[in-house]
Amino acid sequence: MSLTTSPKLPLAKAPESEKITINMGFVDLGHIDLLVAEGFYSNRTDFIRTAIRTHLASHADALRQAVSRKTLVLGLQSFSAADLEAVRAAGEMLQIRVLGLAVIAPDVTPALALATIESLTVLGAFHAPPAVKAALAGRVH
């Protein structure tokens, strides 16, 4: 079974972003700092976000086609123990494919996750209890 809709769950507020760290050459960093100093961007982060969005926009058609081809759910997809119990009761297994954020709620046990999640593909971020992440490690693609 492939789930393509996001269950509406009363979870804690999902984070708006994920922190990443990059290494840059000193000259590139100096160029960014110069653009910031000249008022083109408010700070380094503003420059980097703008550059990433511009680059993603230049590949928008290819991204749309890939999302469609891979049947990815865009945005947030979350699963509670009740959601997964319903999947188990139906005798089905989930193939979760998310571009964005996949969240498995704190009330989900490792055993329940293993009994109901066949595979997990997340392009973005995956939040789950550490024990659930460990249990699903072999099913994450």
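Numbers here are sequence positions counted from 1.
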query = For V87 and F79, what are the C-alpha separation, side-chain angles and deciding distance, and is it a side chain to side chain contact (heavy atoms under 4.5 Å, CB included)?
reply = CA-CA 11 Å; V87 169; F79 302 90; over 6 Å; no
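- By the 6.0 Å contact criterion, CZ on R88 is enclosed, its count of non-hydrogen atoms from other residues, nucleotides or ligands being greater than 12.
- Counting heavy atoms from C-beta on, the side chains of Q77 and V122 never come closer than 4.5 Å.
- F40 and F47 fall within a single hydrophobic cluster, where Ile, Leu, Val, Met, Phe, Trp and Tyr are joined by side-chain heavy atoms under 4.5 Å apart, directly or via other members.
- Summarising the geometry, atom CG belonging to L84 is positioned 10.5 Å from atom CE belonging to M93; distances are rounded to the nearest 0.5 Å.
- Using modelled atom types, one side-chain atom of D107 and one backbone atom of A81 make a donor-acceptor pair closer than 3.5 Å.
- Inter-residue side-chain proximity for I104 and L136 is flagged as met; some heavy-atom pair is nearer than 4.5 Å.
- Of the listed residues (R64, H59, Q65), just one forms a side-chain hydrogen bond (donor to acceptor under 3.5 Å, both in side chains) with D61, and that residue is R64.
- Here the closest heavy-atom approach between residue P110 and residue A131 is recorded as CG-CB, 3.7 Å.
- Contact check for M24 versus R44: no side-chain heavy atoms found under the 4.5 Å cut-off.
- Separating the CG atom in L120 from the CZ atom in R97 is a distance of 10.5 Å, to the nearest 0.5 Å.
- No single ILVMFWY cluster, assembled from side-chain heavy atoms under 4.5 Å apart, contains both L56 and L101.
- Linking Ile, Leu, Val, Met, Phe, Trp and Tyr residues whenever their side-chain heavy atoms come within less than 4.5 Å places V132 and V140 in a single cluster.
- Using modelled atom types, no side-chain atom of D46 and backbone atom of N43 make a donor-acceptor pair closer than 3.5 Å.
- Looking only at side-chain heavy atoms (C-beta outward), R139 and L114 come within less than 4.5 Å of each other.
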task = Walk me through it: do T121 and Q95 pass the test side chain to side chain contact (heavy atoms under 4.5 Å, CB included)?
result = CA-CA 8 Å; T121 302; Q95 295 174 355; over 6 Å; no
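- Taking CG from D28 and CG from N23, the interatomic distance works out to 12.0 Å, rounded to the nearest 0.5 Å.
- Taking 4.5 Å as the limit, some side-chain heavy atom of I22 sits within range of a side-chain heavy atom of I48.
- Looking at every heavy atom in both residues, E18 comes nearest to A125 through OE1-CB, 3.5 Å.
- One hydrophobic cluster, built from ILVMFWY side chains closer than 4.5 Å, cannot hold both V36 and F26; they sit in different ones.
- Within a 6.0 Å sphere centred on NE2 of H141, heavy atoms belonging to other residues, nucleotides or ligands number more than 12.
- The line from CD1 of I117 to CD1 of I96 is 4.0 Å long, rounded to the nearest 0.5 Å.
- Here the CZ-CD1 distance, from R49 to I52, works out to 9.0 Å after rounding to the nearest 0.5 Å.
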